[in-house]
Amino acid sequence: MTSISEIFTTFGPEYLQRYANRMPKTHRKVIDAIMACRTEACGIALYQCETCAESHPLYRSCGNRHCPTCQSHKTQQWLQKQIQRQLPGHHFLITFTVPEPLRYFMRQNQRLAYSALFKASSDAIKKLALDQNHIGADIPGFFGVLHTWGRTLHYHPHIHYIVAGGALASTDGSWHLSRTDFFLPVKALSKIFSAKFRDQIKQAGRFDQIPAEVWHTDWNVNCQAVSSSEASLKYLAPYVFKVAISNSRIVKVQDRTVLIRYRKPHSDRPRILALEVMEFIRRFLQHVLPTGFMKVRYYGFMNPNCAVPLDRIRALIEVSYGFAVDLPKSDVEPRRPNTCTNCGGLLKLRSVLLPSKVLFWSG
């Protein structure tokens with residue numbers, strides 16, 4: 001037993017029996033989905049080889065965004081789309097993290113807190129980029145990914161942003177290039193981030209639920225220069241559709257104990273953490289997002305609704321570099337097609353059989 005699906009199938013019913021009356025409905029849905037994934041409960045997809053006509057029935061995936069089995073293809077699709085939209089020149093990876101005393105409130109008020117986290121951090125970037133002492137332009141371009149776990153599955157909400165190294169000034173349509181090694185001062189970002197988050201919580205009427213010490217603690221903001229958008233995208237892509245832990249990190253399950261691999265920050269030495277199986281499931285489920293919550297968001301000229309096309313931004317960046325900048329590569333390894341185990345021919349989907357009916361038939 002070395003996969004999350006196997007752990008949930010074996011111990012999920014016990015977890016539900018113990019905690020079903022106290023858990024959110026979203027947690028119950030995730031447990032049910034992972035237990036059903038790639039089983040008869042999700043139905044069967046019937047493929048046929050185009051070469052030898054051999055039939056290949058395959059169990060369907062659950063499609064739940066918290067199921068590790070279902071996310072690999074989505075990651076590749078997202079990466080392919082973003083690679084096609086990437087910009088030349090240097091970029092930055094900016095990470096916003098909340099203080100530890102705030103985490104309990106966030107876990108109890110996830111939809112509100114995660115939205116406030118996005119709003120406060122993105123507004124902090126836009127506000128400071130407008131400052132003439134820094135970028136001096138009002139339309140930066142960036143996108144962020146919400147990440148809620150640490151290496152041992154503990155609750156650690158933060159957002160990673162990929163930011164282009166400059167910003168567009170709407171007043172005259174010019175591109176304001178940033179330094180290659182510095183985008184914005186992190187201490188100033190931290191103060192603005194904290195203040196804007198506080199304003200969001202006050203507006204929601206939940207300010208009295210947060211410990212006073214939160215507002216007297218430094219809020220951690222880290223800004224790291226990245227040589228190219230391609231490098232930053234490939235670094236961030238696994239986080240976009242990644243779940244709290246992958247199957248590859250599970251060493252084994254023995255005597256109701258799950259052993260997982262992890263590494264401490266700034267260390268390459270692998271370590272093993274032992275978790276009682278009910279605790280493992282609890283830690284996994286605390287990272288389930290609210291229904292419909294968008295964990296990837298786009299801002300400024302990276303927002304698809306921005307009136308300025310990306311081709312215009314690319315041209316302005318090339319001009320700012322004096323055309324001495326390489327255009328990003330756009331090659332991403334395509335998804336391997338399903339092939340016949342008998343002859344290696346391509347498989348074509350013919351029909352989908354749900355537990356009670358045939359969904360469609362392709363002649």
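As the structure is a computational prediction, the values presented were derived from the model and not from experiment. Throughout, numbering of the chain's residues begins at 1 and tracks the sequence.
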Just wondering, do Arg103 and Phe105 contact through their side chains at under 4.5 Å, heavy atoms? no
Is a side-chain donor-acceptor pair under 3.5 Å present for Thr257 with Asp255? no
Please answer whether the main-chain N or O of Ala45 pairs with a side-chain N or O of Arg60 as donor and acceptor at a distance below 3.5 Å. no
Please confirm whether the backbone N or O of Val186 pairs with a side-chain atom of Ser190, one donor and one acceptor, at under 3.5 Å? no
How about Ser178 and His90: does a side-chain donor come under 3.5 Å of a side-chain acceptor? yes
Donor-acceptor pair, His158 side chain versus His156 backbone, under 3.5 Å? yes
The test is ring pair (Phe, Tyr, Trp, His ring centres under 6.0 Å); show your working for Phe207 and Trp215 and say whether it passes. CA-CA 11 Å; Phe207 184 74; Trp215 313 115; 5.6 Å; yes
Looking at Ile250, Ile34, Asn247, which one forms a side chain to side chain contact (heavy atoms under 4.5 Å, CB included) with Ile7? Ile250
Could you walk me through whether Phe11 and Tyr15 pass ring pair (Phe, Tyr, Trp, His ring centres under 6.0 Å), step by step? CA-CA 6 Å; Phe11 297 101; Tyr15 190 90; over 10 Å; no
Exam field: side chain His134 to backbone Leu128, donor-acceptor pair closer than 3.5 Å: no
Test: Lys29 and Asp32 ion pair at under 4.0 Å: no
Atom pair CG/CZ of Asp268 and Arg263 - distance to nearest 0.5 Å: 6.0 Å
Do you see a donor-acceptor pair shorter than 3.5 Å between the side chains of Ser246 and Ser248? yes
Show the numbers, then the answer: is there a side-chain contact (heavy atoms from CB on, under 4.5 Å) between Met23 and Leu16? CA-CA 9 Å; Met23 70 169 61; Leu16 288 170; 3.9 Å; yes
Parallel, tilted or perpendicular, as decided by the 30° and 60° cut-offs, for the rings of Phe193 and Trp219: perpendicular
Under the criterion side chain to side chain contact (heavy atoms under 4.5 Å, CB included), which of Ile162, Ile125, Asn303 is the partner of Phe142? Ile125
Distance-only donor-acceptor hits, side chain of residues 273-288, under 3.5 Å, sequence neighbours excluded:
| unit_1 | atom_1 | unit_2 | atom_2 | d |
| --- | --- | --- | --- | --- |
| Glu276 | OE1 | Met278 | N | 2.8 |
| Glu276 | OE1 | Glu279 | N | 3.4 |
| Glu276 | OE2 | Arg256 | NH2 | 3.3 |
| Glu279 | OE1 | Arg282 | NE | 2.9 |
| Glu279 | OE2 | Arg282 | NH2 | 2.9 |
| Glu279 | OE2 | Arg283 | NE | 2.8 |
| Arg283 | NH1 | Thr152 | O | 2.8 |
| Gln286 | OE1 | Arg107 | NH1 | 2.9 |
| Gln286 | NE2 | Leu153 | O | 3.0 |
| His287 | ND1 | Thr148 | O | 3.3 |
| His287 | ND1 | Thr148 | OG1 | 2.9 |
| His287 | NE2 | Leu153 | O | 2.8 |
| His287 | NE2 | Arg283 | O | 3.3 |

Would the distance check show the side chain of Ser121 and the main-chain N or O of Phe118 forming a donor-acceptor pair, the cut-off being under 3.5 Å? yes
Check against salt bridge (Lys or Arg N to Asp or Glu O under 4.0 Å), Glu318 and Arg314: CA-CA 6 Å; Glu318 290 183 62; Arg314 289 190 187 97; over 6 Å; no
Is there a donor-acceptor pair closer than 3.5 Å between any side-chain N or O of Thr39 and the backbone N or O of Ala36? yes
